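Beneath this line is the structure, given in structure tokens, with notes to follow.
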Amino acid sequence: MFDALFLTALGLFVLAVAMNIGNMARPMMTVKSVAKIICCLWVIMLVGMTLWMPHVEGVQNFGFLSSTYTLQISAVLIIAAFTISVIAQSHLPVGTWRNGVGLMAAYGVYAMLTAFVSPVPLLTLWKGWLVVLDAMLVAITVAHMGEKGRELLFNIVIGFLQLLVALVIASAIIWPDEALKPVGGLIGVHLYGVVPYLNPNEIGFMCAITAVVALRRIPDAVTVRMKFLYLSMLGTSLVVLFLSQARTSVIAFLLAMVFLGFAIRKLRVLVVIGVLALGGIGSYGIITGSSLGVGEVATTYMERGLSQDKIESMSGRTYLWEHGFEIFKQSPFFGHGFEAGVRFGEIGSHMHNAHMQTLVNTGLFGYLLWVSFVGAVGVQLLMLRKKRGFKNNAREGRFHFEIMAVYGVMLLRTITGSVLVFHQYSLVILMAIQVYLFAARRQLKPSAIGQETIQNDPIVPGKQRVLKKAALHSRLN
């Protein structure tokens with residue numbers, strides 16, 4: 001049954017991509033050379049996160065590094081070399097560090113400083129440096145891509161996540177024994193990614209994001225081919241999300257769907273149909289006494305065949321948080337080392353909660369910086385919605401609601417997962433949202449006056465360059 005389902009979903013998605021390959025590539029062809037290079041850096045960054053080679057005990061491929069770390073470090077060094085060279089050769093206005101970018105860089109620097117209390121100082125330095133590099137990449141992206149980066153980079157990130165979803169399906173077809181792990185509960189299996197390796201919670205999180213994006217864009221698609229593409233994205237994402245049994249991500253998607261339904265008129269019909277369908281199933285179960293009642297099915301699905309103790313402790317998370325809080329109290333201000341204090345300390349794993357993970361690893365100081373840069377993005381999204389209103393451009397308003405829904409999914413996931421904490425897919429999504437905010441804010445402060453002054457001023461080129469810099473600075477600030 002699963003093979004037929006996977007083959008159908010993957011086949012339809014590949015067909016939809018093939019039909020729209022021209023439309024997908026066209027935005028990249030319209031940006032300048034530097035912008036194309038920056039887009040390539042984002043792709044290299046995403047691919048670098050995905051590189052994962054089988055680990056052979058006692059075998060190193062390059063000095064003391066395994067194949068995985070060698071490939072990942074190589075990808076990061078490529079990004080770092082270009083990013084640092086661009087920053088060294090150009091002046092980045094103060095405005096490029098707004099929307100939480102400067103706070104994100106400060107969080108990364110502070111994370112590096114926690115190496116003094118870390119059980120693995122070099123790892124802490126490396127992980128902290130990656131966050132600083134992420135902030136620098138956003139800064140040069142904002143300075144050199146302009147308004148064309150508003151949707152382009154977000155689409156690149158979402159497209160890459162959808163590619164990973166397709167690879168999960170392909171892995172389940174090629175290696176079913178490794179991808180489909182038997183468990184109890186409604187479905188009887190737990191879906192894992194094989195190439196690349198992804199645990200069910202990571203898979204569910206990605207699928208919730210891509211499903212939200214696809215659902216929002218289906219009504220806006222102007223051609224049958226584009227509608228088919230987003231329908232295939234939605235279908236594959238929902239199938240994989242369901243089989244991953246990532247409960248927080250399932251709940252996050254349902255809440256995002258309701259939010260989009262209320263916020264966007266075109267989607268209200270879909271939400272009403274969904275609610276009526278669930279109500280109909282539930283009513284059928286109540287009237288007939290069938291065991292197919294929606295409440296019972298949902299409960300069985302959410303329980304995943306776990307024991308009562310596992311259910312009450314959220315698969316052991318509450319015990320982990322209690323232990324983590326005791327460790328936090330041992331060093332409440334400076335923590336125990338960014339991305340090392342938890343993994344290589346008493347606990348030996350992630351905290352499965354972004355807030356507790358940050359508190360234990362970086363203390364209160366690091367937690368305040370983390371909350372500040374993540375929260376700054378949410379505040380800017382709300383402020384932009386209030387300032388613009390999007391009455392004159394309904395399409396931009398719907399895209400803004402899409403961004404808000406994705407941001408909401410990530411915030412909810414911080415409760416049961418260590419997301420937005422370090423260099424990972426969720427942080428890259430947040431970076432793409434930061435780029436969108438810069439581009440959207442530029443439209444609030446059009447540079448027509450500055451450009452008109454430059455065009456009408458018949459004076460020397462030196463002053464012209466000064467005026468250009470002033471115009472750029474005014475747009476960013």
Side-chain angles (χ1 to χ4, degrees), residues 1-14 17 43-56 66-69 71-72 75 156-183 185-214 232-250 252-253 301 304 315 343 349-350 352 406 409-410 413 416-429:
M1 179 184 74
F2 289 119
D3 287 345
L5 181 64
F6 288 145
L7 284 170
T8 302
L10 185 61
L12 290 174
F13 175 69
V14 171
V17 171
V43 173
I44 292 172
M45 176 175 59
L46 290 166
V47 172
M49 293 180 181
T50 309
L51 297 174
W52 187 263
M53 306 296 290
H55 176 68
V56 180
S66 66
S67 301
T68 296
Y69 288 117
L71 291 170
Q72 291 179 351
I156 288 174
V157 174
I158 296 301
F160 188 85
L161 295 183
Q162 186 63 42
L163 175 61
L164 292 181
V165 174
L167 289 175
V168 169
I169 298 176
S171 297
I173 296 172
I174 301 171
W175 301 285
D177 293 337
E178 297 181 39
L180 298 169
K181 303 290 186 181
V183 295
L186 182 68
I187 305 174
V189 294
H190 221 169
L191 182 61
Y192 286 77
V194 181
V195 178
Y197 172 78
L198 294 168
N199 66 55
N201 287 326
E202 288 180 302
I203 294 171
F205 171 70
M206 294 176 184
C207 290
I209 296 292
T210 54
V212 166
V213 172
S232 67
M233 281 181 59
L234 180 62
T236 53
S237 297
L238 290 180
V239 166
V240 176
L241 175 61
F242 181 72
L243 292 176
S244 71
Q245 300 190 71
R247 295 167 292 187
T248 306
S249 297
V250 171
F253 169 74
Y301 175 80
R304 296 191 310 197
S315 298
R343 289 174 59 193
S349 71
H350 288 294
H352 295 282
V406 169
V409 169
M410 293 194 295
R413 184 73 181 97
T416 58
S418 301
V419 300
L420 298 174
V421 174
F422 56 94
H423 180 74
Q424 57 186 165
Y425 297 117
S426 56
L427 192 60
V428 177
I429 299 172

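This chain uses plain numbering: 1 for the first residue, then up along the sequence. Please read all numbers here as calculations on a predicted model, not as lab measurements.
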Non-hydrogen atoms of S244 and G204 that approach each other most closely: OG-CA, 3.6 Å
In chain order, what residues pass the side-chain hydrogen bond (donor to acceptor under 3.5 Å, both in side chains) check against S249, with sequence neighbours excluded? none
Test of understanding: with side-chain contact (heavy atoms from CB on, under 4.5 Å), list the residues that count as partners of A211, not counting sequence neighbours. L234, S237, L238, F253
Pick from V239, V240, L241: which one makes a side chain to side chain contact (heavy atoms under 4.5 Å, CB included) with L243? V239
Sequence neighbours excluded, which residues qualify as side-chain contact (heavy atoms from CB on, under 4.5 Å) partners of T416? T248, M314, R317, R413
Could you list the residues that satisfy side-chain contact (heavy atoms from CB on, under 4.5 Å) with A166, not counting sequence neighbours? L10, F13
Taking side-chain hydrogen bond (donor to acceptor under 3.5 Å, both in side chains) as the definition, give me every residue that meets it alongside T236, ordered by chain and number, with sequence neighbours left out. Q162
Below 3.5 Å, can you tabulate the donor-acceptor pairs from side chains in residues 171-182 to any protein atom, sequence neighbours excluded?
residue	atom	partner	partner atom	Å
S171	OG	L167	O	2.8
S171	OG	V195	N	3.3

With sequence neighbours left out, write down each residue that passes ring-ring contact (aromatic ring centres under 6.0 Å, His included) with Y192, or none if nothing qualifies. H190
Straight-line distance of F160 CZ to T210 OG1, nearest 0.5 Å: 13.0 Å
How far does NE2 of H352 sit from CG of N201, to the nearest 0.5 angstrom? 7.5 Å
Spacing of CD1 belonging to I203 relative to CG belonging to L191, to within rounding of 0.5 Å: 4.5 Å
Kindly write out the residues that satisfy side-chain hydrogen bond (donor to acceptor under 3.5 Å, both in side chains) with Q245, not counting sequence neighbours, or none if the list is empty. none
Could you list the residues that satisfy side-chain hydrogen bond (donor to acceptor under 3.5 Å, both in side chains) with Q424, not counting sequence neighbours? S426
Between CZ on residue F205 and CG on residue L161, distance to nearest 0.5 Å: 8.0 Å
Starting at OH of Y425, measure out to CD1 of I209 and round the result to the nearest 0.5 Å. 14.0 Å
Once rounded to the nearest 0.5 Å, what's the spacing between atom CE of M49 and atom CD1 of I44? 13.0 Å
